[in-house]
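To start, the structure under review is shown below, and the notes come after it.
Keep in mind that this is a model prediction, so the values were computed, not measured. Heavy atoms only: backbone and side chains are in, while hydrogens, waters and symmetry mates are out. The first residue in the sequence is number 1, and the count goes up from there.
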Amino acid sequence: MTPATPPADVLDRYFAQAVEATLEGLRAGDGGPFGATLVDPAGRIVVAVGNTVLRETDISGHAEMVAVREACTKLETLDLSGHVMYATCEPCPMCVAVMMWAGITTCFYASTRVDAADNGFSDLRLRRFLDGSDTSALDMIHLERGREDCAGIWTEFQRRNA
């Protein structure tokens, strides 16, 4: 079931915070033209952030990723179920994945992946890799033998969580 789109004044409030954080970060040279606001189930803003790729020299510093990281730290939890993301642009697959891992099930976004690509930020190669239509981007090689040390990690994990 698709959640209802909030009223315009609510959208304006949440997106205004994301846009402000984005523009502030752009002007400071922190990162690209992307921002996000994460809102808790009661409608309170938890964080509003911009992209931090350049400031942190971290390719994963996308706004949605930063929002999830900061919210998890602030709230001292890895579970953001019921929270809603408001992103200035359609999230890339990495950001979609982190939202899913955190339990976020709703993300409203404004600009699209096409808008991003038109401005030099295309994630099409990644999307094609993930849908299986282009496997040339990365060779994923499963080593079936000789890595008992890695398999042993599961034993330690199970022991610690028994």
Side-chain angles (χ1 to χ4, degrees), residues 3 5-6 8-142 150 153:
T5 301
D9 63 321
V10 172
L11 290 172
D12 290 347
R13 177 172 173 242
Y14 298 148
F15 276 102
Q17 295 293 311
V19 169
E20 182 179 322
T22 303
L23 293 174
E24 184 179 301
L26 272 174
R27 293 176 184 132
D30 290 344
F34 307 98
T37 301
L38 186 65
V39 177
D40 73 12
R44 294 179 299 256
I45 294 174
V46 178
V47 294
V49 300
N51 180 297
T52 62
V53 168
L54 299 175
R55 181 182 74 213
E56 303 295 330
T57 317
D58 177 1
I59 199 70
S60 70
H62 296 195
E64 302 86 355
M65 182 80 77
V66 173
V68 168
R69 285 179 186 149
E70 288 189 13
C72 287
T73 299
K74 182 177 181 177
L75 301 174
E76 298 180 342
T77 184
L78 298 176
D79 184 4
L80 299 176
S81 297
H83 289 65
V84 177
M85 186 75 73
Y86 295 83
T88 62
C89 189
E90 181 177 359
C92 76
M94 174 184 69
C95 293
V96 169
V98 80
M99 285 187 282
M100 290 173 66
W101 278 109
I104 297 167
T105 58
T106 304
C107 175
F108 295 99
Y109 64 90
S111 300
T112 68
R113 67 180 89 167
V114 174
D115 298 319
D118 287 347
N119 286 279
F121 294 93
S122 178
D123 61 9
L124 188 56
R125 186 171 184 212
L126 175 56
R127 291 180 188 275
R128 286 183 178 154
F129 178 80
L130 292 173
D131 75 11
S133 64
D134 178 5
T135 58
S136 69
L138 178 66
D139 291 324
M140 295 288 292
I141 302 165
H142 175 219
C150 296
I153 293 170

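- Side-chain contact check for S133 and D131: at least one donor-acceptor pair (N or O, by modelled atom type) lies under 3.5 Å.
- If you take CD on Q17 and OG1 on T37, they are separated by 6.0 Å, rounding to the nearest 0.5 Å.
- Residue P91 comes nearest to C107 through the heavy atom pair CG-SG, 3.7 Å, listed as atom of the first residue, atom of the second, then distance.
- T88 places no side-chain N or O within 3.5 Å of a backbone atom of V19 that could act as its donor or acceptor partner.
- Nearest heavy atoms, S136 versus R125: O-NH2, 4.1 Å.
- The two residues L11 and P6 come nearest to each other via the heavy atoms CD1-O, 3.5 Å.
- Side-chain contact between V46 and L80 is absent, with no heavy-atom pair separated by less than 4.5 Å.
- Closest non-hydrogen pair, H62 versus C95, comes out as CB-SG, 3.3 Å.
- Scanning both residues, R13 and G43, for their nearest heavy atoms gives NH1-O, 3.6 Å.
- The side-chain contact (heavy atoms from CB on, under 4.5 Å) test with V66 singles out one residue from V47, N51, T52, V98, and that residue is T52.
- Closest heavy-atom contact between A63 and A36: CB-N, 3.8 Å.
- The closest side-chain heavy-atom distance from S111 to E90 is not below 4.5 Å.
- With a 4.5 Å cut-off on side-chain heavy atoms, M100 and V96 count as touching.
- By the 4.5 Å heavy-atom criterion applied to side chains, H83 and L75 are counted as neighbours.
- The salt bridge (charged side-chain N to carboxylate O under 4.0 Å, His left out) analysis of residues 53-74, with sequence neighbours excluded, yields the pairs D30-R55, D58-R69.
- Sorted by first and then second residue, the pairs that involve residues 101-121 and meet ring-ring contact (aromatic ring centres under 6.0 Å, His included), not counting sequence neighbours, are F34-F121, Y86-F108.
- L130 CG to L126 CG: the interatomic distance, rounded to the nearest 0.5 Å, is 4.5 Å.
- One finds the SG atom of C92 at 11.0 Å from the CZ atom of R113 (value rounded to the nearest 0.5 Å).
- The line from CZ of R128 to CG of D123 is 10.5 Å long, rounded to the nearest 0.5 Å.
- M94 places a side-chain heavy atom less than 4.5 Å from the side chain of S60.
- Other residues, nucleotides and ligands contribute only 12 or fewer heavy atoms inside 6.0 Å of the CD1 atom of I59.
- Side-chain contact check for L23 versus L26: some heavy-atom pair is nearer than 4.5 Å.
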